Each structure stands twice: as structure tokens, then as C-alpha cells.
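Below: one structure, written as C-alpha cells.
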Amino acid sequence: MEAQNESITYLESRKLVKRWRGPWPAIVNLLMIFALFAVSWWVFQDPRGIMRMYTPYDGYMICRWLLILLIWVAYIFDFWPFKRSWLNKVHPVIKGVVLTAFSVLAMMVLIKGFFMGLLGQYGIAYFSPDRLHAMGLTEFYAEEYSAEAIMMFAAIASWLAPAWVVACENAPWQKLEQPARGFTVAVVTFFLATIVYFLTMHSHMAILFYPWQQYTAITPPYWEGFANTVSGNFHIAWIMSCTVTVWVYESIWERYPFNLIKTNWLRRTSAFFGIIAVALCMCFFIYYAQDLMWGETVRGTKRDAAPDWRWLHVGETAIFWLVGVLGLNFYGGNWPTKFSRPVNAFLRTVLSLVIGGVIYVLYYKYAHFLIGTQKGFAHPQQFPMIPMIWLINIFLINMWFMDGWPGWKAVPKTEAELSEVESVVVAHDVSWTPSLAKGLALGTAAGVAIYFGVINILPWISQNVQIIN
Amino acid sequence: MTDDITTSRRDFVKGVASGVVGGTLAGMGFYSYTGSAYSRLPKVARGQMDFGVVRSVKSTVISETSWFNNAHLMEDIMKAGGLLVDQYTIGWAPFANGKGAGKSTYEEGIANIKKMLPGDLETAWATQNKLALHPDNPGGFSTLLEVEDMDGSKHKYLLDTGWSYAWMDQSFKREGIDQMLKSGEIEALIQTHEHFDHFWGFPVAMKYNNKLPLYIHKGFYKEGRQYIVDAGYKGDPIVVDKEMTLIRPGMMLMKFDVPIICRVFGETSLAFNVKDKGLVMISGCNHQGILQMTSTATQKLKYDNDRFYGLYGGLHISPFEDWDPKYDDLVISLGKWNFEKVGCNHCTGQLTAKKFIERGYPVVRGTARFRTASQDYLGNGDTITFG
């Protein structure tokens, strides 16, 4: 395997061209994806299927870590150790199979070797199902607790790993060759994920055991008063919102508006923290929207009235939007593209929210007929994030590893097209003018009005629309 | 000039598009999780339905030991594929087919024993024991309720029918339930939900009285409804499809539509208005959650002193001796509801009972007889009286 020093990544270097005119590429690909989803779900996850990994935490851990590995392979390592020439010439199906198998293998090494083996055996016992079982837990819950902890780590990494590439532009290691750059960014983001894990999830894990493990973790956790729960689901809410916002910013927003900042360090810092700010806005709104729809939470109760579930459902709701965002970006050609970047971003935001909303309704209305889940919003052992992330993984394999086969094919970008890549990183298409300022002021007022309109209409929707009969 | 106007208009539109997203996000971020936002939530008026009053309610624990070895139960569930797997396919008696974990079906299981139900339960259970996973593990949950009216008359109800035919028959005989069923003393059977440990012992009740009124939640799956027929029931089940069903004055059946592990949907629980005391709530498994039940009762029902008096049943917090931080939310919060008397067992979880006691909650302790594992539980053969 050769070292790669291409300044343009493989994903940036290729242009995906439709093989057929009209909507056929999207239709064919989506049909293939849904078929792959149905088969793979039945084989690996479905509680009625073959391997039944949806226990639920085993399956949850697997699909989340597979997502991380796909991001690492394509975004962080730029497909190292695979040669660029191999990527350019091999058939997309073979490429998809090989790269997916490589990702799965790496994922297994990470889960079994690093978390359960190294960390679980020599560091923190709850990462090892064997240790928990040996200490008296049933084998089932030993595996579930361990998988939950490992899964939580992935949730954090699924925000930080792509954020470092998208927001921080791999700085300050962007000029390193692969695999040095990949290892550096992976290690740094893994390190940051470890810090965030200890600040957010370690206390959650510590109070799984009796008595609370107060000598090794802060119990009760510091967020109890603010979030009205001791559950770490509060953190899942904003962390998942961060994950979703990274991809919204990267895909349908084309890195707008932070790419208008010309100063590198300021742009990167603003983008990183701006993503967190947008995510927090989303997080608090979705939580409040649930209270408007379903009534205020009662601490200590279960299911859809419990604060911990409402926080979890913030993340779940955000993931439905992410499916809409990636679906529009990958299979809808990031439509529309003919307006200015801010207008395109705005229209795509609205459109992807509608798609995400439709998927949300369809999921809760019909999933229990199709994927072995149960009717209802709040089942304590059921997570819509699992099928949604499973679907996203298939999206990513199709578009990143298989160049969008069969509806699309990869061709090299021209010099002019390559220069557009740079214009996404630093944009020059919006500049400060009096007209822009007036529009911004009016738009901001309209946005605030829209927000209050939405929160006023949500209780009415709750009274008049029934998703699950 | 035209170019300037166009540019100006374009810039304006860019500004509007950006501003709308920014303004909406600002509202979402700065207002949503604030005291001001929550002051806008509509106040829900309490229903205050007057459903009558009783003098007292006595509960006798026929069996709270649903299974005897938690590790064996979880081993079976794990081998079958986890907590979302359909209970009829796991491979437990009386629906085992001998093919192993996760490979049973209702049809194949019942075919082995149908002709023996409900008259020859010993042979039926022995037949299934040869096919099932951990055949000695099943026990069951069942409770006898005695409701005393204001005129002193007493009315008996059976809450759930347990799991193992052998264990439940033995438990019924120990508490005299067999004779009460035969004589028609028990006025109705309330099957709180479809779970194996509450419902699969149904033929044992049918052995002694196959015509007594039967209440089931409308969420029973087709297998469960067929089992009622196959077990020999000759009546017409009352399918509970309303949120509140009055059983008798002062005794209300509350329906909760909740998805439950092992592919079960919905549970019913009971509320009693005890004269001069307050509300008593009794549940089979309480999958909806204690505080969901109390919240619903607060919103819908009128009861003496407007206070919660008693709570009894499987409270379904850590049924497999598992734990989750959200369970601590309940342990921490329960005190605010000021229950005067709490009896718990079965799926409450021994750790939960222990934490309740540590917090000083008024848990009525038991005698730990007839295979009940802990005195923190109201155990087999124990009684609790409200009123």
C-alpha cells in the first residue's frame, strides 16, 4: 500500500455523474438501498430474523461503530491503506464489498480488542462483559451494559470525528500525508471523545451499579437539576444533535455561513463551536416541542412522559432529519442548486425537514409491521436510531464506497471543478452590503415569528393529529 | 443601474434566507427551555370522575415468584435474541416445540397439549417440560383481591393466573383459590396483560371455572386470544378498550396502551377509592410506570382526601435485577407522592425494594415464605389490607 499525498481527497476528487436521465438513478438506487436494508436488517438485526443483534444494545453498538468506521475510512483516512489508483479503477460493487468488509473487520478489532479486551480487562470493568458476568451480573445484562458503554463512546465520536474534518478542516495537520494525517486526527478526536465520555456518560454508567460508584464517578451527576434526570440520555440529546448538525453543515448548507470567514483559525473555531450552538438550539426546541405535544414530563415515570426518554427522543428525532438531509444530498442531487448558496441552503433545510418529518410519521405508523419493533413511541428497549443509522450506513456505503452505483458513476473532476472544492471551504459569494443587512434583519424577525407560530400550533397538532392508532 | 438593482435584490434575498434560519434557531435556542416558555404550557384541568367508594381492599399474594432463577430466564431470552423477541417463540412451556431458543411457535406448542386443556394439566405440563427451555424455572404472578363495600359485603376478584401449570395449581390450592373458583365466589378474572408469567397459567383457572367473567386488554395478540379459547374458556371475554372501566363502585380498571418487552402490548391496572383514606392502586406488572398511573388517576379520578393512600403489585422497575439511571429518577421522586402504604414484589426488583426501604418509604415487608426470596417483598401467602 502506498503513502498518499494528494491534497484533494478521493471524495473531493471525483464527480458523480448520473448514468441515466431524469429521476431513474435515484429511484433505482433507493430501491436497491431499501432491498439491502431489508435483507441486512433481517440477517443481522431483526428480532424475528437470523442473528437478532437488536437485543437492543448489541445491535445499537454495532451500527453506531460501523458508522464511525465508515467516517474514518472515507473522511479521516481518505481510504488509506487502499491506493487511489485502485479506487479509481476497480468496479464499484467490488470496492463496496472490500471496503465494507475492511470497515467491519476494523470495527470488530476496535470493539473486541480495544474496548472489551484492553480497556475492559485492564482499565474500566464495565467495558468487559466477561468481567461483569464474573462479578455476578446475568450474561445478558453483562453484554448489554458493556455494549451500552461502548455505544455511548461511538455516539460522541460520531460528532467529533467528522467535526474535526468538516469544521476544523483537519487543522493543524491538513498538510500531513496519509496515514499520518488519518492517525493523528483519529487519535486526537478519540482523545477528545474520551474526555467528553468521562464528562457525560461515565456517571451514567456508574449509577448502573449498586451502590452508586461514587469513588470513581460523580454521583448524582451534575446535570440532574438542569435536565431533571440522572440519566445520560440528556447528553445523548445534544450530542446527537451535534452529529446531525455536522452533516447538515457539510451537505445541504455547503459549509455556509462559517465559510464566509476568511481567517483560517477564526473560521475553523467558529464552525466547530457554531455547530454546537446550532445543535443546542435544535436540542432545546425538540425537547420543548415534545412537552407542547405530550404535556410536561413527570420525573420518575416511564416512557413518553419521562424526562430521560424525552431527551433520548431529541436525538432520535434529529436522526430522522439526518436521513432526510443525506437522502436529499445523495439522491436528490442536493436540490435545489440554481439559487445562491444561502437560498439553496434555506430551501434544502425546509425540504429535508419535510422529508425527515414524513419518515418520522411513516416509521411510527408502520415500522412495527415491517422491522420487528413494537407499536408505540416509547418502548424502553427499542431505539429508532438503530434502523435509521443502519439505513444511513447503507447510504454511506453506496455513495462513498460504491460511487453511487448503479445510478451514478465516478469521473475525475476537471481543474475548474476542483477549484470549486476550495470555494466551499472559503466562500466569496456572499458579502456584507446594506441590502444583505436589511434582508438579514427582516429574515431574522420572520424566523422568530415562524418559531412562535410553530410553538403555538404544536398543541393544536397534538390534539388533532394521531400518528399511531 | 439594472445590475445594481439586481445585485441589491439578490443580496436582500440572501439576507432573508439566512435570517429566517438564524431567527428560527435563535428562538429555538434562547426561548425553548426557559421558565417563560414553560409558563405557556396549557394547564390541564382535572377530570374528578366520581367512581364511588369502598370500605377496604385486601390483597392476598397467591404467587409473586414469576420465575425462580433469573440467570436462567435471561439466558433463554438472550439465546432467543433479546428483549424484543416474541414471547411465544422463545421456547418456554407451554408453547415449546423442542427446536431450541427462538424457534417455537404458538401453533406447534399448543398442538402438543391442546387436547389436555384444561382437565389434565399435569400431563400437559409434563409434556411441555420435555420440550421447553429450563422447564423448572417458571412460577407466575397471581393475586386475590377482596373488596369490601360500604355495606360490609365482600367481593373477590382474581388478578392474573401466573405461568407454570404445576406451580400455579399448587399455589391456588395453598390459598384455597381452587375452591373459590369452583364455588363461583370469585366474581371475575382480570388478566392485566399478556406476558408469560401473568397469563400462560390461564388453563389452571379454567380447570376450576371456565365461565367466569374475564377482562383482557384490547392489545392481546391473536395468539393470546386463541389461547383463551384453546384453554377451554366458555365465556365471552370483556375486551377493555376504554381508558376507564368501572368494575364496581369504588373499583376502576384503568387501561394503558404501552408497548412492552417480548412483544406484548398494553396493560390494565386497578384503582380503588378507599373511604376516608384515599386512592389505592394495584397492578399486575405496572409496565406503564407507577407515576404514569398516579398521574392518570390524578387527572381523571376523584378520591377521598385527594391523596394517594396505597400502592401494591409488581411495580416493574428492575424485573430482571437490571438497572438504569432512570430507575433512580423514580426512587428519588416517589417520596413526593406521599403514599402511606406500599406493598411490592415480583417485577419490582429486589434492588428497587431495597432502595425504597433505604429512602424510608413505607414499604410493607413480607415473611419470605413459599420460595419468595426476600422479606423486602410482600411474598407468597402474605396479605396487605388497605382501609
Side-chain angles (χ1 to χ4, degrees), chain A residues 47 52 54-56 138-141 204 207-208 210 229-232 257 278 280-282 284-285 287-288 291 295-296 298-303 305-306 308 340 342-343 346 349 372 374-376 379 381-382 430 433 435-448 450-452 459, chain B residues 8-29 31-33 37-38 41-42 44 70-71 74-75 77-78 80-86 102 257-259 261 263 265 288-292 295 320-326 328-330 332-334 351:
Chain A
R52 304 186 181 192
Y54 192 168
T55 59
T138 60
E139 191 179 355
F140 179 77
Y141 278 104
H204 174 101
I207 58 182
L208 277 177
Y210 179 83
T229 178
V230 293
S231 170
V278 170
L280 288 175
C281 294
M282 188 197 316
F284 292 140
F285 169 69
Y287 189 88
Y288 181 46
D291 288 358
E296 207 164 355
V298 180
R299 187 179 180 193
T301 193
K302 286 178 166 184
R303 301 165 188 269
D308 76 282
S340 63
V343 174
F346 167 71
T349 303
Q374 268 211 265
K375 189 165 75 170
H379 187 300
Q381 277 79 28
Q382 198 161 282
V430 180
T433 65
S435 296
L436 184 86
K438 283 180 195 167
L440 203 56
L442 182 69
T444 303
V448 171
I450 288 169
Y451 167 76
F452 280 100
Chain B
S8 171
R9 189 182 300 144
R10 281 184 179 162
D11 282 351
F12 180 76
V13 173
K14 287 176 189 176
V16 169
S18 305
V20 167
V21 175
T24 310
L25 283 170
M28 290 160 68
Y31 186 75
S32 295
Y33 199 59
Y38 278 84
L41 287 182
V44 181
N70 191 48
M74 294 316 299
E75 181 189 329
I77 289 177
M78 187 173 78
L83 292 164
L84 295 168
V85 171
D86 180 349
D257 293 339
V258 286
I261 57 168
R263 203 210 57 159
F265 191 87
Q288 69 275 9
I290 302 169
L291 300 187
Q292 182 62 40
S295 296
F320 309 119
E321 298 306 328
D322 56 315
W323 201 255
D324 189 287
K326 65 188 171 203
D328 283 310
D329 282 342
L330 170 66
I332 292 165
S333 306
L334 187 66
L351 179 54

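Throughout, a chain's letter reflects where its sequence line sits, starting with A, and its residues are numbered from 1. Not measured: the values here are computed from a predicted model.
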Do you know which two heavy atoms are closest between [X] and [Y], and how far apart they sit?
X       : Y       : value
S8(B)   : S435(A) : OG-OG, 2.6 Å
G376(A) : P259(B) : CA-CG, 4.0 Å
P47(A)  : V85(B)  : O-CG2, 3.5 Å
L208(A) : P325(B) : CD2-CD, 3.8 Å
V20(B)  : A446(A) : CG2-CB, 4.2 Å
K375(A) : F265(B) : O-CE1, 3.3 Å

Winner by heavy-atom pair count (cut-off under 4.5 Å) against chain B, out of [options]:
options                   : value
Y141(A), Y287(A), F452(A) : Y141(A)
T349(A), L280(A), T229(A) : T229(A)
H204(A), Q381(A), Q374(A) : Q374(A)

So, do [X] and [Y] sit near enough that their side-chain heavy atoms are less than 4.5 Å apart?
X       : Y       : value
H379(A) : I261(B) : yes
W323(B) : Y210(A) : no
V448(A) : Y31(B)  : no
Q292(B) : R303(A) : no
K302(A) : V258(B) : no

Please flag which part of [X] lies under 4.5 Å from any non-hydrogen atom of chain B: side chain, backbone, both or neither.
X       : answer
L442(A) : side chain
V298(A) : side chain
Y54(A)  : both
T138(A) : side chain
I450(A) : side chain

Go through the structure and list residues passing ring-ring contact (aromatic ring centres under 6.0 Å, His included) with F346(A), not counting sequence neighbours.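 By the ring-ring contact (aromatic ring centres under 6.0 Å, His included) rule, F346(A) matches no residue at all.
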How long is the straight-line distance from [atom2] of [Y] back to [atom1] of [X], given to the nearest 0.5 Å?
X       : Y       : atom1 : atom2 : result
Y38(B)  : Y288(A) : OH    : OH    : 7.0 Å
S295(B) : E296(A) : OG    : CD    : 11.5 Å
T433(A) : R10(B)  : OG1   : CZ    : 13.0 Å

Residue list, salt bridge (charged side-chain N to carboxylate O under 4.0 Å, His left out) with R299(A), at least two apart or on another chain: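 Counting only residues at least two positions away or on another chain, R299(A) forms a salt bridge (charged side-chain N to carboxylate O under 4.0 Å, His left out) with E224(A), D329(B).
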Under 4.5 Å from any heavy atom of chain A, what part of [X] do you find: side chain, backbone, both or neither?
X       : result
D322(B) : both
L351(B) : side chain
L334(B) : neither
S18(B)  : both

Any chance you could lay out the side chain to side chain contact (heavy atoms under 4.5 Å, CB included) test for F285(A) and T24(B), step after step, and finish with the verdict? CA-CA 10 Å; F285(A) 169 69; T24(B) 310; over 6 Å; no
Polar side-chain atom of R52(A) near backbone of A80(B) as donor-acceptor pair, under 3.5 Å: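 Yes; judged by distance alone, with no hydrogens or angles, the pair exists.
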Heavy atoms only, distances under 4.5 angstrom: which of [options] has the most pairs with chain A? Name it, please.
options                         : result
G102(B), G29(B), G27(B), G82(B) : G27(B)
R9(B), M28(B), E75(B), Q288(B)  : M28(B)
V13(B), L83(B), D86(B)          : L83(B)

